[in-house]
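Reading through the C-alpha cells given below for one structure.
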Protein chains: 2
Amino acid sequence: MDEAGQGDRPDGDGALFRAARIQDVARLADVSTATVSRALATPERVSPEARARVLEAIAKTGYVPNPAARTLRSQKTYMVLVVLPDLSNTFFSKILRGIEETLFEAGYGMIISDLDGSPAKEAHFAAFTAAGRVDGAILLNGHLFGQSRDGEGQPARITIPLVALCEAIPGADIPQIEIDNRAAASRMTQHLAGLGHSSIAYVSGPAINVLERERFQGFKEGLQAAGLPYDPALVIPGDYTIEAGVAAGERLVAQATRPTAVFCTSDEMAIGLMRTVLSAGLRVPEDISVAGFDDIDFAAVAEPSLTTIRQPRRELGQAAATALIDLLQGRTTPKRIRLETELVVRDSVAPLPR
Amino acid sequence: MDEAGQGDRPDGDGALFRAARIQDVARLADVSTATVSRALATPERVSPEARARVLEAIAKTGYVPNPAARTLRSQKTYMVLVVLPDLSNTFFSKILRGIEETLFEAGYGMIISDLDGSPAKEAHFAAFTAAGRVDGAILLNGHLFGQSRDGEGQPARITIPLVALCEAIPGADIPQIEIDNRAAASRMTQHLAGLGHSSIAYVSGPAINVLERERFQGFKEGLQAAGLPYDPALVIPGDYTIEAGVAAGERLVAQATRPTAVFCTSDEMAIGLMRTVLSAGLRVPEDISVAGFDDIDFAAVAEPSLTTIRQPRRELGQAAATALIDLLQGRTTPKRIRLETELVVRDSVAPLPR
DNA sequence: ATGAAAGCGCTAACAC
DNA sequence: GTGTTAGCGCTTTCAT
C-alpha cells in the first residue's frame, strides 16, 4: 500500500501539507493514541500532566479529529437531519435558526432536506438516514419517511430518534413539539366575532395537512363559542402561499355578497389577499377585516399592518432540538410539548361598522 | 473484540435487526466484496451476470453503503458546506433551494452554516471544514474562513474547493458567481432620473459590504449618467433589514425638504420604509417614489407593489452549485459568472408630477 | 492512569 | 473480470 511519507510537515507555508492525525499528536505528547483519545473524550480519566501535554501537542499540530474515522468506530455522527417541506418559506427559516443554534451549542451539525414535494427526495433521505449518516432527525413535514400523508405506504425501518415539529404526526410514537393550533384559531375567530363580525370567511391550508385540520376545527369551535353558524360557503381553499391568498382575494372580490371578515390561516395568504382586495378598490379594514396566522416579519409592515397569531418560531426550533438531543443522549423527554401563541392586534381588523 | 453474531437477520419484523454490510451482499451474490463495491461504483467493469446477482442481493438485504467507512477510505464525503450570514432571510433561502436541487442531482448533500454574525461559529465551521467533513464549500458571506471582512486575520488553511456566491471575495482566487450590482444600481438610478426625479435618496447596505460598495458605485454612476449631482446628504445608512427601512423612513419623514424618490438597496428596506412613510400620511408614489432591490416574493404584493431589480436567485444557487461540482470532479469552471438582472416596474415608482 | 491491539465497513492496489 | 488484502484514523476493550 502507499505508505505515507512520515515526518513530512514543513511548517513553512510551502508545499506538501498533511493534516495531523492522532498518531502525530501522540508522538509529540509522548503518549499513546488511546490517551489522546481519552484526553479529548473523557479528560477526567487522564492525568493532568498527560492532558496538558496532549493539549499542547494538539495546539502545535492543529490536530482536528477525523469525523469519518470517529463515526465509523463509534457509530455516532453528531449530525441531525431536519426534514422540511419548503426551505424558501420564511416561516420555516426562522424555526431553522432556533434548531441550528441549539444543535450547535450541543456540538451537533445540521443537515437540511428540503422535500419540495418530491417523493424521490424523500426516498433518498430515508436511505440517507438508514445509512447512518445522522444520529437523529427533526420532521417538519407532518409524516414519517416513506409514508405518505394519508398513511399509505409502509414507513421505512428508521431506528434513530425522531422528533416531530409543528405538524404532529398522528400515530407516531415520537415527541411532538407544536402550538395549540386549535385553540389559537378558535381565539382569532372569537376575536373577530367579538368585534361584531358574523360573516367570517376562512381561507384554509391544504386539506390533508394536520395543521389545517386543527385550525379548521378551531375555527368552527370559535364560531360556535360566539353563537355563530358555520357556513361551508365561507370556506375558501388555500395552501399557505401568497398566490393562494391572491386567488382567494379574487374569489371574494367577485362575490355579490361578501363576508365582513376573513381569517387566513397564514400571513402569506393574508398579505396576498389584502393586496387583491385593495386593488379592487375595497378598503381594509373598513370594508373587510383580514386576519393572518404566524406573525412573520412582514406582518408588522404590511399595509395595513396585519392582525395575526404569533407563533414562537425560534422557541419551537429550540424546543425540538432540545428534545432530540435529550433522546440522543439517553435522557427522556415529554411526548408532547405545546408552546404558547399570542394574538397580535394590528390594523387589518376593525370592529364591524354599525 | 466483540465478534458480532453472524447470520442473524430475521426477516420477520421481530427483534434484532442488523443493517446489511457489504459482506452480507457479497456472500449472498457469491462474489467478493470488491465486486460488490465495483458493481456500485463502476458497473461497466463488472460482468452483467455478477452485476445482476449483486443488485438482487442488495435489493434482498436492503443494503445501504456505510458512508463513514466509504469516506474514511476514499477521502470523499459527498457533502458540501454552504456558509451564509442569515438563514432566516428570504433572499438567501430561495438561493439555497437552487443550490440544494443542483447538489442533490449530483449526489451531494448540503450542510448549512448560518453564521449569524458569530465568530465562534465561524471558527467552528472552519475546523469542520479542515477536518474533512465536506468536499467543498459555497460562501455567501463575502469573506473566507477566519478572515474578517477588512482582510485582517489570517485565513485558515482550507484546501478544499470553494466558490463565492453573491458577495464576491476580493483577492480570493476562487470562482465568483454574482450579478452585476453596479450596473443594476446604475440602471435603477437612471430609471428614477428618467422619470424626472432629480432629488434621489439612497438607502445603503452595511458600509463594509462588497455588494454595498458596488451598488453605491452604480448609484453614483447612474446620477452622473443622468447629469445629476451626487449629494452625500441624500445617503441614508441601512443594513438590508426591514427595521433599517423603517428607521430610514422615519428619518425621511422628519426632514423639512424631502427627496422625491428613494432607492433602497433591498426590498426589505423598501417595504419597511414605505410602511413608515405611508403611516406618516405621505402617499407612495404620489408624494415619494420608492424602489427596491432583489424582487423577493413580497415585492409584488406590497402596497403599493414594489418597483425593483430582480435577481435570479434560484439560478444563482444553481450556478454556484454547478461550478463547485465541476471543481470537485476535476473539471474547470470560469473564474467569474455574472447572471442578468431585470428592472421590474410596478406601482411604487411614478413620474415626478410637474 | 496508560498502552497494545483489534476492528468499525469500505475501497483500491495488486495479482491473477 | 475477479479475488485477496491492506489499510483509511479513530475508539475501545483488555491487560497491566
Which distance, rounded to the nearest 0.5 Å, do you find between the CG of B:Asp24 and the NZ of B:Lys60?
-> 13.5 Å
Taking five pairs at each end, how big is the angle between the two axes of the helix from C:dA1-D:dT16 to C:dC16-D:dG1, to 10°?
-> 30°
Between P of D:dG9 and CZ of B:Arg133, the distance in whole Å | 16 Å
Over all heavy atoms of both residues, which pair between A:Glu167 and A:Gln176 is shortest? Give the atoms and the distance, please.
-> O-OE1, 4.5 Å
Nearest-nucleotide pick for A:Arg21, side chain only, options being D:dG9, C:dA1, D:dG3 | D:dG9
Out of C:dA12, C:dC8, D:dC10, minimum distance to the side chain of B:Ala34 belongs to C:dA12
Nearest non-hydrogen partners of B:Ala131 and A:Pro67, listed with the distance = O-CD, 3.2 Å
At what distance, to the nearest 0.5 angstrom, does CG of B:Leu96 lie from CD1 of B:Ile138?
-> 9.0 Å
Note: A:Asp135 and A:Tyr78 closest approach over all heavy atoms is OD2-N, 2.7 Å
B:Ile22 side chain: which of D:dG1, C:dC10, D:dG3 is closest?
-> C:dC10
Nucleic acid contacts - residues 36-46 of chain B versus DNA chain C, non-hydrogen atoms under 4.0 Å | B:Ser37, B:Arg38
Counting side-chain heavy atoms from CB outward, which of D:dT2, D:dC10, D:dG3 is closest to B:Ser47?
-> D:dT2
What pair of heavy atoms forms the shortest contact from B:Ile99 to B:Ala321, and how long is it?
-> O-CB, 3.8 Å
Roughly how many Å is it from CZ in B:Arg73 to C1' in C:dA12, rounded to a whole number?
-> 5 Å
N/O (side chain, B:Thr35) to phosphate O (OP1/OP2, D:dG1) under 4.0 Å = no
From the list C:dG3, C:dC10, D:dG9, which nucleotide is the closest neighbour of the side chain of B:Asn66?
-> C:dC10
Where B:Leu40 and B:Pro65 come nearest, the two heavy atoms and their spacing | CD2-CG, 4.3 Å
Rounded to the nearest Å, what distance is computed from the CG atom of residue B:Asp30 to the P atom of nucleotide D:dG1?
-> 19 Å
Nearest 0.5 Å please: distance from the CZ atom of A:Arg21 over to the OH atom of A:Tyr63.
-> 10.5 Å
A:Ala50 near the nucleic acid: base, sugar-phosphate alone, or nothing, with a heavy-atom cut-off under 4.0 Å?
-> sugar-phosphate
What is the distance from CD of A:Gln23 to P of D:dT11, rounded to the nearest Å?
-> 13 Å
Starting from the 5' end of DNA chain D, give me the residue, B:Ser32 or B:Ala69, whose nearest nucleotide shows up first.
-> B:Ser32
Atom-pair distance (CZ on B:Arg51; P on D:dG1), nearest Å = 10 Å
B:Thr33 and B:Ala26: which non-hydrogen atoms are nearest, and at how many Å?
-> N-CB, 3.8 Å
Rounded to whole Å, CG of A:Leu72 lies from P of C:dC10 at a distance of 9 Å
Base, sugar-phosphate alone, or nothing: which one does A:Pro67 contact when heavy atoms must sit under 4.0 Å apart?
-> nothing
Test B:Ile337 against every option in B:Leu165, B:Ile177, B:Val163 by the side chain to side chain contact (heavy atoms under 4.5 Å, CB included) rule and name the one that passes.
-> B:Ile177
Between C:dG3 (C1') and A:Arg27 (CZ): distance, integer Å = 16 Å
